[in-house]
Amino acid sequence: MARMQKGRDPADVLIIGAGASGSVAAAHLARAGVDVVCLEQGPRVDNAEFYGDKPEWELMAQKRWHPNPNVRDLENDYPINTDASAVNPLMYNAVGGSTILYAAHWQRFMPSDFRVKTLDGVADDWPFTYEDLEPYYSRMDEEFGVSGLAGDPAYPPHRDYPLPPMPIGRIGMKAAEGMNKLGWHWWPGPNSVPSRDYRGRNQCVRYGTCLTGCPHKAKASTDHTHWPMALENGARLVTGARVREITVDAQGLANGATYIDRNGREAHQRAGIVIVCCNGVGTPRLLLMSASKHHPDGLANSSGLVGRNLMMHPYAAVTGTFDEPLESWLGPAGQSIQSMQFYETDTSRGFVRGAKWGVMPSGGPLGLRAAYGGKALDEAWGANLHRNTRKVFGRSFEWGIIAEDLPDEDNRVTLDPELTDSDGLPAPKLIYKNSDNTKRMLDFHVARAEEAMEAAGAASISSTKLMRDCGWHLMGTARMGDDPTRSVVDQYGKSHDVPNLYIYDGSVFVTSSGFNPTGTITAIALRAVEHLIENRSHAKAACSHSKVMS
Amino acid sequence: MTTVSNEERAVFAELADVLIPAAEGMPAASDVDVQGAMLDHILGLRPDLAEAFRRGLSAAAGKPPADAAEALNRDDAEALGAIGIVASAGYYMTPAVREVIGYPGQENRPADPDETPEYVANGMLQQVIDRGPIFVPTPEA
């Protein structure tokens, strides 16, 4: 039983979660003079904890720095029941959130992504357009220090990236040669890693270990991009604080949150406004855990859509092995080149929407072993081990395919009736399957990527049509919209039900696009928080203590 | 911290050599001493492997190593998996092995950001640009 300790000083704004969106919100609110407290269940991470510059890198990537919390099994993680899910959700819980372990592919959605109902007759349009969001994309490019090359014909013209592109390496050149033979689109991939020193971060030295943490303090994780500014401007960051409930006052306003610290003590943080930034699984989990007499189905859930429409981006990979050495352990990883050749809808293919492709390096020799579980002993080991390593290691790369995952109310996050985290709080349970549209999309794209590999001169090609550990992108479970019966929040993340409760993370996505979402999550968070700051004199707040927000 | 006996190290070395034999110009696992200090180092970093690892060694003790490995693969894949991770991680972390396969480790090799990319200089990217825009614009409201 948790012991209650004295509550902290109230805040104008309480942010729950110090990941991508929470960090952007905290930095901009604090800079505007707003008194902010952020509760983060995880710890701060020191870059020296990462193994990317050490021989043990691949060994530790399989456990301590694995992106699946069920594999990592750390106290700052919560378990997730995935028995009914075709895909495992991936995340990290710390200051910086999943940007600690993301691949730093820094993508914009394309204009059509915001208008899929109008263009393709599926799902819903977003309550704003690409053009509405574009200025915020450019500002996030600046704040995250994105390295890239402007002029990609897959987008309307936009401001150049603040840093020159990262090298695409031999693997990118090889892939690009194949694409040009076919006359297909490719472009050097934008990455949120700096190609030269940038705002306190170091130039990327191409360890190629973004997915297991950057040991060089180069990658744009928000513990480096935004928390320094937030803290300099007075934001208060509480780590090891696992929120169990958002509390609501007699007027129906959110007035803070109750959390448990790492000593098992319970505390309450009061605030005038509450912003939830816990990702597409953690946010609906918290809203559902915050059910009360007045909100029996969970907070902000009069639409019944909290937890529904979970989208996780099915991911396929086509790997080509080449006769010549390609140094395919070398970063960025990150991405080398990308393609949107088959992104837009062509109904003659038998499905709607599409997918982004990205070339990634294939890492070290131990990672190549990961696919061998369950095979015959002499196929995976013995002399064949040496033959396979010689054939594949340093000579292969993959076209990774991110398929647009359309919203389906049956794909959802619920609370598990039995499984709990280390504080006894209900774990989320995921129910998720791929649609027929998705399956047809993956079949088509894998076949095209195989053609691209062949055109590039691959000596052998292998394909994985759906990786189970691919749920990096957690979206849709508290969707935005104008209609309170069809959405949870408005276009600025404000709850339709609780007027001082906001959600800024990927939960608010209406559709998923086929892109890595962090650039869009942060652009939406910036747009929302600036709207809140600009309209603060009118914003509903629960406490009268607030000097700034009232 | 797991303490591994000399008997267990001997069993591990034999199993490791079944999985990673001297062949194709490569040394065997025991040739690079995966059963020595490297074993302690790996189990120190990955204590989660210890239980299945030792269970596998216990089951293999006293049996011909090739037969023992086959039996584990059939009856206790988790144990063989743990033994395989410990063996292959130790093997590929060894500098001599890395040298033979041409792996310098994850390299600190920054690029010159001011250098004109080859794909720009040789016109490869211009072909993409010349094909023109490929996006569907936002439809009129």
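Fair warning: this is a prediction, and the values are worked out from it, not measured in the lab. So that the names make sense, note that chain A is the first sequence line, chain B the second, and so on, each numbered from 1.
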Among residues 113-121 of chain A, which residues come closer than 4.5 Å to chain B, judged by heavy atom distances?
A:Arg115, A:Thr118, A:Leu119

Heavy-atom proximity to chain A below 4.5 Å, by part of B:Leu80
side chain

Non-hydrogen atoms of chain A under 4.5 Å away: do they reach the side chain of B:Ala77, the backbone, both or neither?
neither

Return the orientation label for the B:Tyr91 and A:His386 ring planes: parallel under 30°, perpendicular over 60°, tilted otherwise.
tilted

Taking NZ, NE, NH1 and NH2 as the nitrogens, is one of them in B:Glu107 or A:Arg206 under 4.0 Å from a carboxylate oxygen of the other?
no

Applying a heavy-atom distance below 4.5 Å, give me the residues of residues 10-18 of chain B that approach chain A, sorted by number.
B:Val18

Atom group of B:Pro47 that falls short of 4.5 Å from chain A, counting heavy atoms
neither

When you measure from the side chain of A:Arg390 to the backbone of B:Ile101, do you find a donor-acceptor pair of N or O atoms at a distance under 3.5 Å?
no

Does A:Asn180 reach the main-chain N or O of B:Gln127 with its side chain, forming a donor-acceptor pair under 3.5 Å?
no

For B:Asp48, is it the side chain, the backbone, both or neither that has a heavy atom under 4.5 Å from a heavy atom of chain A?
side chain

Heavy atoms of other groups near B:Glu99 CD, more than 12 under 6.0 Å
no

Taking only Lys NZ, Arg NE, NH1 and NH2, and the carboxylate oxygens of Asp or Glu, determine whether A:Glu327 and B:Arg109 approach each other closer than 4.0 Å.
yes

Partner chain A: residue of B:Pro104, B:Pro137, B:Pro117 with the largest heavy-atom pair count (under 4.5 Å)
B:Pro104

